[in-house]
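Notes for the one structure printed next.
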Amino acid sequence: MTIRKNILTIILAAGKGTRMRSAVPKVLHSLGGLPMLGHVLNAVEKIKSKQTVLVLSAETPAVEQYAKGHSLSPEIAYQHQQSGTGNAVLCTEPYLQNFTGPVLVLFGDTPLIRPETLERAIETFTSFLSSSPVAAMIVGMIPSDAKNYGRLILGETEDVIDIVEAKNASPEILTIPLCNSGMMILDGRHALSLLRAIERNPLGNEYYLTDVVRIARRQGHRIGLYRAENAVELEGINSRSELAWAEAQLQHRWRTAAMAQGVTLMDPESVYFSYDTQLSADVTVYPHVFFGPCVKIESGVDIMPFTHLEGTHIRTGSKIGPYARLRPGTIIGEDARVGNFVELKNTTFASRAKASHLSYVGDAEVGEGTNIGAGTITCNYDGYDKWRTRIGRDVLIGANSSLVAPLTIGDHAVIGAGTTVTKNVAEEALTIGRSKQVDIAHGGKFFHERKKARLSVKKKETS
Ligand code: UD1
Ligand code: MG
């Protein structure tokens, strides 16, 4: 049984995200093939809170649909008017009412957050409670660029005494490097009275969650500070440039982790991973390779340059590319070979099978040791339906063959080059289906002579 911590986690994701300038809600913009919100939910899932509540706008059903499909399956609370982060947390009132433990507040636009950091913040809050009780703990950070982050004002004992939003800050306050990461932990026993006391900020015309600091002090409580070691993972993403920045951070994180686990990346900066890429030790990845979602590669596999993979499992010892495209549903057996300009889709390619040049193999099964000649294609789609091609073991498919599905080719069969195969081929058969060759003796010589004669007449006329 999973042991859950007595923590209520609240994730805010109801904001309009206007700075993205997009019809897609901000938290559904992807990083490494996974929406920002998915990254946050994955991190939260690992800390095993008692309950997680996601605050959403009713106007973004796509976000709700996404969240419901996630394995964490958080409770949903609606914020009907996007009137600020303070109001957004108050929308979880029914969950806060009888809750007396720590309340962790996170933003859906902070996708780089790691579960280890959440754990450390929770531990610090717990030690605050036992030594010097606080009504809340703010997670502060010193980013390389303080941009529009709220600035933290500290008292003598490192207590937070105020958070000033950038748009309300004086030039002097804007020089403070310590910023509000947006993450905070409230003591559940005080949370509701603090949140209910937040008033609309006259300048921003919103209910600022950050106002809980001043309110708590007024009510005689202290507010603690946790200084995050790594500001990068707490940065909020509000625009397309920040999204690109976050993508670069994640790619760096994944490349470093892959190399630490024994993967060779010849030119790490040119290899792009997805959030779930799985590479075993002794995989070698050449420059300019893109891993879309759901790729798993076993040891001893070489992925040569300019290869694009998604939804593919490759077993040990195979060589892929350069310029290969492996699409979802592809399984490659041991010691197989997929060469340049070969596309595989929804295909099981058994061990030692080869397609070395210029082929499309879709909705197919290719048996052990079978060789697919250059330029072969499976004709799998009739404009309405997709059909399967089954090719047995140790089959030779001659170059430039068209395999019209549905089709079965038996073990050890040989298909002559240039054949259009429309009927099933029996085991061990030799199948040739191309128009008969016609040879005209000396016809080539006659052709050259006639062409050359015409050319010299033309030259004389123009000179
Ligand atoms: C907020 C903080 C700022 C902090 C920064 C860190 C406030 C007032 N400001 O600013 O101090 O430095 O984050 O990234 O808290 N949201 C709602 N409902 C709303 C408004 C926002 O759910 O009505 C959600 C958004 O979806 C987002 C999060 O709250 O996930 C933060 O909102 P955002 O507008 O990005 O706040 P910032 O301006 O970045
Ligand atoms: Mg933000």
Side-chain angles (χ1 to χ4, degrees), residues 297-298 301-304 307-440:
I297 301 186
E298 296 178 9
V301 169
D302 287 354
I303 309 287
M304 317 270 233
T307 292
H308 187 285
L309 313 94
E310 54 188 318
T312 292
H313 182 165
I314 304 174
R315 300 231 158 81
T316 186
S318 292
K319 287 201 184 336
I320 311 295
Y323 297 99
R325 180 166 183 211
L326 305 185
R327 292 172 53 203
T330 297
I331 300 170
I332 311 258
E334 290 178 18
D335 302 315
R337 177 82 184 91
V338 177
N340 40 264
F341 305 106
V342 172
E343 176 180 347
L344 302 189
K345 186 216 71 172
N346 195 21
T347 285
T348 304
F349 209 67
S351 57
R352 294 181 298 99
K354 281 186 190 158
S356 298
H357 335 266
L358 301 152
S359 286
Y360 170 61
V361 183
D363 302 308
E365 280 137 50
V366 177
E368 267 182 60
T370 284
N371 188 69
I372 308 277
T376 294
I377 58 162
T378 51
C379 310
N380 61 325
Y381 184 49
D382 59 14
Y384 295 90
D385 295 302
K386 302 261 168 73
W387 302 97
R388 289 198 77 76
T389 300
R390 293 185 176 83
I391 306 173
R393 57 181 301 162
D394 296 315
V395 171
L396 296 177
I397 308 278
N400 206 27
S401 295
S402 300
L403 311 179
V404 182
L407 187 68
T408 300
I409 298 176
D411 295 346
H412 307 285
V414 175
I415 308 294
T419 298
T420 298
V421 187
T422 53
K423 290 185 290 187
N424 290 348
V425 174
E427 276 183 25
E428 299 182 353
L430 168 64
T431 298
I432 304 175
R434 56 193 178 217
S435 51
K436 214 170 161 80
Q437 186 166 319
V438 178
D439 297 305
I440 300 167

Side chain Ser351, main chain Gly333, donor-acceptor under 3.5 Å: no
Pairing of Lys319 and Asp302 as salt bridge, 4.0 angstrom limit: yes
Donor-acceptor contact present, side-chain Thr378 to main-chain Tyr360, <3.5 Å: yes
NZ/NE/NH1/NH2 to OD/OE distance under 4.0 Å, Arg352 and Glu368: yes
Under 3.5 Å: donor-acceptor pair, side chain of Arg393, backbone of Val366: no
Nearest heavy-atom neighbours spanning Tyr381 and Lys386: CD1-CE, 3.6 Å
Over 12 non-hydrogen atoms of neighbours within 6.0 angstrom of NZ in Lys354: no
For Arg327, the option from Glu343, Glu310, His308 that meets side chain to side chain donor-acceptor pair (under 3.5 Å): Glu343
Main-chain N/O of Ala417 paired with Ser401 side-chain donor or acceptor, under 3.5 Å: no
Shortest non-hydrogen contact between Asn346 and Thr330, atoms and distance: N-OG1, 3.7 Å
Ser402 side chain vs Thr420 backbone, donor-acceptor pair below 3.5 Å: no
Leu430 atom CG, over 12 foreign heavy atoms within 6.0 Å: yes
Side chain Asn340, main chain Tyr323, donor-acceptor under 3.5 Å: no
For the student: nearest non-hydrogen atoms of Ser356 and Arg337, plus distance: OG-CG, 4.1 Å
Student check: side-chain heavy atoms of Leu309 and Ile314 closer than 4.5 Å: yes
Nearest atoms (heavy-atom pairs only) where Ala336 meets Phe349: CB-CD2, 4.1 Å
Residue list, ring-ring contact (aromatic ring centres under 6.0 Å, His included) with His412, at least two apart or on another chain: none
Which atom of Gly367 lies closest to which atom of Ala353, heavy atoms considered: O-CB, 3.8 Å
Qualifying residue for side chain to side chain donor-acceptor pair (under 3.5 Å) with Asp363, from Thr347, Asn380, Thr389: Asn380
Heavy-atom pair of closest approach, residues Ser359 and Ala374: OG-C, 4.4 Å
Intermediate values then yes/no, salt bridge (charged side-chain N to carboxylate O under 4.0 Å, His left out), Arg315 and Glu334: CA-CA 5 Å; Arg315 300 231 158 81; Glu334 290 178 18; over 6 Å; no
